[in-house]
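Values below: all heavy atoms of this structure, side chains included; hydrogens, waters and symmetry mates excluded. Since we're looking at a predicted model, the values are computed, not measured.
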Amino acid sequence: VLKEFAAVSKTPEFLCLTKDQLVTLILSDDLNASEETVYNAVMTWINHDTRRRKREMRELMELVRFPFMDKLFFLKTVHSNEAICKCCQDIVTETLWYQAFPEEVRSPRTHPRRVSGLREAVVLIGGTGTRGNPTVYSDSITMTCTAEPSASSWVPLTRMRH
């Protein structure tokens, strides 16, 4: 289900999930779907039984990672939805802030899902070191994606021009 969420979310069985089952799915870092797909699936689930499920909107929207949505989709679909803006104004504001200042906003929604392809990396640009007596200047740009880098974990990207 996590790997085929987009297809599963379009089935009649998806609409019969309990709220807890839906929460388990959309909470997962391993969910293989764009945030636009997650949002549309949650809205479809809510709208299938609006009278009963409308009260679940806030809890479910807290699990959608809006900052990773396409900006135009967010503005046209989410930001223009009165129900979302009414019950989730802080989430909408957080997303707008994230889009403008991504380094300044941290929340569970600003953590990418593993399958998004986004990862944190350390990039090292140039530097100096010593090999024996003389100082050695480096013009290389390298990166690593590991929390505990070793000599073999650094990947060369390019060299700087002089």
Visitor: Can you list the residues that meet the side-chain contact (heavy atoms from CB on, under 4.5 Å) rule with Asn81, with sequence neighbours excluded?
Guide: Tyr39, Met43, Ala83, Ile84
Visitor: The criterion is salt bridge (Lys or Arg N to Asp or Glu O under 4.0 Å); which residues satisfy it with Glu103, sequence neighbours excluded?
Guide: Arg106
Visitor: When rounded to the nearest 0.5 angstrom, what distance separates NE2 in His79 from CE in Met69?
Guide: 13.0 Å
Visitor: Could you tell me the separation between the CD1 atom of Ile26 and the CG atom of Leu31, rounded to the nearest 0.5 Å?
Guide: 8.5 Å
Visitor: Under a 3.5 Å distance rule, please check whether Ser28 uses its side chain to pair with a backbone N or O of Leu25 as donor and acceptor.
Guide: no
Visitor: If only atom types and distance count, is the side chain of Arg65 paired as donor or acceptor with the main-chain N or O of Thr110 below 3.5 Å?
Guide: no
Visitor: Applying side-chain contact (heavy atoms from CB on, under 4.5 Å), can you list everything that pairs with Ile125, at least two apart in sequence or on another chain?
Guide: Val123, Ile141, Met160
Visitor: Atom CG in Leu17, atom OG in Ser9: separation rounded to 0.5 Å?
Guide: 10.0 Å
Visitor: Apply side chain to side chain donor-acceptor pair (under 3.5 Å) to Thr18 and list each qualifying residue two or more places apart in sequence or on a separate chain.
Guide: Gln21
Visitor: I need the Phe68 CZ to His111 NE2 distance, nearest 0.5 Å.
Guide: 8.5 Å
Visitor: State which residues pass salt bridge (Lys or Arg N to Asp or Glu O under 4.0 Å) with Arg51; sequence neighbours excluded, sorted by chain then number.
Guide: none
Visitor: Side chain to side chain contact (heavy atoms under 4.5 Å, CB included) between Phe66 and Met61: does it pass, once the steps are laid out?
Guide: CA-CA 9 Å; Phe66 291 103; Met61 290 302 155; 3.6 Å; yes
Visitor: State which residues pass side-chain contact (heavy atoms from CB on, under 4.5 Å) with Cys85; sequence neighbours excluded, sorted by chain then number.
Guide: Gln89, Val92
Visitor: Using side chain to side chain contact (heavy atoms under 4.5 Å, CB included), reason through Asn32 and Glu4 one step at a time and then give a plain yes or no.
Guide: CA-CA 7 Å; Asn32 186 20; Glu4 299 297 329; 5.9 Å; no
Visitor: Would you please name every residue forming a side-chain contact (heavy atoms from CB on, under 4.5 Å) with Arg55, sequence neighbours left out?
Guide: Arg52
Visitor: Checking Arg53 side chain against Trp45 main chain: does a donor-acceptor pair fall under 3.5 Å?
Guide: yes
Visitor: Quick one: which residue pairs count as a salt bridge (Lys or Arg N to Asp or Glu O under 4.0 Å) with a foot in residues 31-45, not counting sequence neighbours?
Guide: Glu35-Arg113
Visitor: Which pairs with one or both residues in residues 12-28 pass salt bridge (Lys or Arg N to Asp or Glu O under 4.0 Å), sequence neighbours excluded?
Guide: Lys19-Glu56, Lys19-Glu59
Visitor: Who are the salt bridge (Lys or Arg N to Asp or Glu O under 4.0 Å) partners of Lys10, not counting sequence neighbours?
Guide: none
Visitor: Only pairs at least two apart or in different chains count here, so list each salt bridge (Lys or Arg N to Asp or Glu O under 4.0 Å) that has a residue in residues 80-94.
Guide: Arg58-Asp90, Glu94-Arg109
Visitor: Quick one: pull up CD in Glu62 and SG in Cys88 and give me the separation to the nearest 0.5 Å.
Guide: 7.5 Å
Visitor: Output a table of donor-acceptor pairs, distance under 3.5 Å, between side-chain atoms of residues 70-78 and any protein atom two or more places apart or on a different chain; print 'none' if there are none.
Guide:
| unit_1 | atom_1 | unit_2 | atom_2 | d |
| --- | --- | --- | --- | --- |
| Asp70 | OD2 | Leu72 | N | 3.1 |
| Asp70 | OD2 | Phe73 | N | 3.0 |
| Thr77 | OG1 | Phe73 | O | 3.2 |

Visitor: Can you tell me how far CD of Glu104 sits from OH of Tyr98, rounded to the nearest 0.5 angstrom?
Guide: 11.5 Å
